[in-house]
Amino acid sequence: MFARLNAYLDSIVARDPAPRSRWEVLLYPGLWAVGWHRVAHRLFNARLFFFARAIQHFSRFLTGFEIHPGAKIGKHLFLEHGFITIGETAVIGDHVTIYPCVTLGGTNPTNGKGGKRHPTLEDNVIVGAGAQILGPITIGQRARIGANAVVTDDVPEGATMVGVKARSTLVKVETWAKDFMPYGTPCKEPCEPSGQRIEELETKLALLQAQLDELISERSAEGAPTEPVSRKRTRS
C-alpha cells in the first residue's frame, strides 16, 4: 500500500515543479479527490448508489472536483487544480494529467437512456486548462489537448489538438510526444498554422498599401486625377 502511494506521489512530483517533497503533495486537493473517488466507485459497483453519491458530494464540497462515482480511473491520475468535471461513463487510463476547469462531458441521448456518453482518455494523455472533451470519443495514448480546446471527435495517438473546434497542429509527434508537455500545449513552436497565414497576409497587405500610396503620390505630382473618372454612355 505505501509503495503504491509513494509511486503515486512521485509521479505527481515528476509532473509538477511546485512541491518540494511528497508531504506537500499529500495536501493537494486533487489527490484527495481521487482517493474519495476510489471509495465512491467501489460503492457504485456494489450498487450502493446513494452512499456512492453521498461520498461524491462530500468530496466535491472539500476539494472542488466533480467526479461521478461511475467513472473509471486508472493509476496515477494527476488533477492539477480544481473545477474539473468527470462524467459517469468516462474512462481514464494511467498517468493522465488534467489541468483546471476541464470537462469530460457527455451527450444527452434523445431516447433518455444512458449508455456510453462520456470520453475515454488513454494512457499518458495531457488535457490543458479549460479544455472541453465531449461525447463518447477516444483520446489516443500520449495525445495532448491544448488549453480551452473543444474536442468532439476521436483524437489519434500522439496528436496535439488546439482551438475551437479542436484540430491537430503541425507539431511533430516524434518531437513532442516523448516527454511530458505542461498544459498539453507546446509553447516554443508555432501551433496555429492559421496564425502564420494571417501574419503573411498582413505583410502582403502592408506592402500593397505602400505601393498604392507611392502610385497615388506620383500621379498627384504629375497633376493627374487620383480617383477613377466615371464613364457615361452616350446615345448616338
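Note that this is a predicted model, so its numbers are computed, not measured.
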Chemist: If you take all heavy atoms of P69 and A40, which pair is closest and at what distance?
Modeler: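 Closest approach of P69 to A40, heavy atoms only: CB-O, 3.9 Å.
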Chemist: Starting from the C-alpha separation in whole Å, work towards a yes-or-no answer on side-chain contact (heavy atoms from CB on, under 4.5 Å) for V164 and N148.
Modeler: CA-CA 8 Å; V164 182; N148 293 319; 5.8 Å; no
Chemist: Mind checking whether L5 and L77 sit in one hydrophobic cluster, side chains of I, L, V, M, F, W, Y counted as touching below 4.5 Å?
Modeler: yes
Chemist: Is the shortest heavy-atom distance from the side chain of Y8 to the side chain of V34 under 4.5 Å?
Modeler: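 Side chain of Y8 against side chain of V34, heavy atoms only: contact under 4.5 Å found.
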Chemist: Check for me, please, whether L31 and V127 land in the same ILVMFWY cluster - side-chain distances under 4.5 Å, paths through other members count.
Modeler: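 Cluster IDs for L31 and V127 match.
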Chemist: Quick check against the 3.5 Å criterion: does W36 have a side-chain atom that pairs as donor or acceptor with the backbone of L62?
Modeler: no
Chemist: In Å, rounded to the nearest 0.5 Å, how long is the span from CZ of R144 to CD1 of I126?
Modeler: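 It is 4.0 Å, given to the nearest 0.5 Å.
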Chemist: Drop me the distance from F44's CZ to I55's CD1, to the nearest 0.5 angstrom.
Modeler: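 One finds 14.5 Å between CZ of F44 and CD1 of I55.
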Chemist: Is it true that atom CZ of F51 has more than 12 heavy atoms of other residues, nucleotides or ligands lying nearer than 6.0 Å?
Modeler: no
Chemist: What's the shortest heavy-atom distance between R15 and P17, and which atoms?
Modeler: O-CD, 4.1 Å
Chemist: Quick one: does N6's side chain have a donor or acceptor within less than 3.5 Å of a partner on F2's backbone?
Modeler: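 A pair under 3.5 Å: yes.
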Chemist: Kindly work out whether a path of hydrophobic side-chain contacts (I/L/V/M/F/W/Y, heavy atoms less than 4.5 Å apart) joins V13 to I98.
Modeler: yes
Chemist: Any side-chain heavy atom of V155 sitting closer than 4.5 Å to one from T138?
Modeler: no
Chemist: Between the side chain of S220 and the main-chain N/O of I216, is any donor-acceptor distance below 3.5 Å?
Modeler: yes
Chemist: Is it true that a side-chain atom of H37 and a backbone atom of A71 form a donor plus acceptor pair closer than 3.5 Å?
Modeler: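 Yes, the answer is positive, given that a donor and an acceptor are paired below the 3.5 Å cut-off.
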Chemist: Does a side-chain heavy-atom distance below 4.5 Å link L104 with I92?
Modeler: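 Answer yes - side chains close enough.
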Chemist: Test side-chain contact (heavy atoms from CB on, under 4.5 Å) on V96 and I73; report intermediate values, then the result.
Modeler: CA-CA 9 Å; V96 172; I73 296 178; over 6 Å; no
Chemist: Quick check: do D16 and Y28 have side-chain heavy atoms less than 4.5 Å from each other?
Modeler: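 They are in contact (side-chain heavy atoms under 4.5 Å apart), so the answer is yes.
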Chemist: Hey, is the main chain of T85 close enough, under 3.5 Å, to the side chain of T103 for a donor-acceptor pair?
Modeler: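 Not a single qualifying donor-acceptor pair exists.
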Chemist: Take L134 and V151 through the side-chain contact (heavy atoms from CB on, under 4.5 Å) test and state the conclusion after the steps.
Modeler: CA-CA 6 Å; L134 308 174; V151 185; over 6 Å; no
Chemist: Give a yes or no answer on whether the side chain of Q209 reaches the backbone of L205 with a donor-acceptor pair at less than 3.5 Å.
Modeler: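 It does not hold such a pair.
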Chemist: With side chains defined as the heavy atoms from C-beta onward, is the minimum distance between F83 and P100 less than 4.5 Å?
Modeler: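 Not in contact.
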Chemist: What is the minimum heavy-atom distance between S59 and A33, and which atoms define it?
Modeler: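 Looking at all heavy atoms of both residues, the shortest contact is OG-CA, 3.8 Å.
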Chemist: Could R142 and D123 be called an ion pair, given the rule that one side-chain N must be under 4.0 Å from one carboxylate O?
Modeler: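 No, this pair does not count.
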Chemist: Test: salt bridge (charged side-chain N to carboxylate O under 4.0 Å, His left out). Region: residues 36-57. Which pairs qualify, not counting sequence neighbours?
Modeler: none
Chemist: Could you see if W23 belongs to whatever hydrophobic cluster contains L9? Use Ile, Leu, Val, Met, Phe, Trp, Tyr and a side-chain cutoff under 4.5 Å.
Modeler: yes
Chemist: Pairs in or reaching into residues 87-103: which pass salt bridge (charged side-chain N to carboxylate O under 4.0 Å, His left out), with residues at least two apart or in two chains?
Modeler: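 Every pair satisfying salt bridge (charged side-chain N to carboxylate O under 4.0 Å, His left out) with a residue in residues 87-103: E88-R117.
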Chemist: Just wondering, do L79 and F65 contact through their side chains at under 4.5 Å, heavy atoms?
Modeler: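 When only atoms from C-beta onward are counted, L79 and F65 do touch, with a gap below 4.5 Å.
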Chemist: Grab the two heavy atoms, one from I137 and one from D153, that are nearest each other, plus how far apart they are.
Modeler: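 Of all heavy-atom pairs spanning I137 and D153, the closest is CD1-O, 3.4 Å.
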Chemist: Kindly work out whether a path of hydrophobic side-chain contacts (I/L/V/M/F/W/Y, heavy atoms less than 4.5 Å apart) joins V25 to L27.
Modeler: no
Chemist: Give me the one residue out of H41, H68, E66 that meets side chain to side chain donor-acceptor pair (under 3.5 Å) with Q56.
Modeler: E66
Chemist: Which atom names give the shortest non-hydrogen contact between A143 and P156, and what distance separates them?
Modeler: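 For A143 and P156, the tightest heavy-atom pair comes out as CB-O, 4.0 Å.
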Chemist: Are there more than 12 heavy atoms of other residues, nucleotides or ligands under 6.0 Å from atom NZ of K116?
Modeler: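 More than 12 within 6.0 Å, yes.
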Chemist: Quick check: closest heavy atoms across P119 and G105, and the distance to 0.1 Å?
Modeler: CD-O, 3.3 Å
Chemist: What's the separation between atom CD1 in I12 and atom CZ in R22, rounded to the nearest 0.5 Å?
Modeler: 11.5 Å
Chemist: Who are the side chain to side chain donor-acceptor pair (under 3.5 Å) partners of E122, not counting sequence neighbours?
Modeler: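 So E122 forms no side chain to side chain donor-acceptor pair (under 3.5 Å) with any residue.
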Chemist: With rounding to the nearest 0.5 angstrom, report the OG1 to CG distance, T97 to L121.
Modeler: 10.5 Å
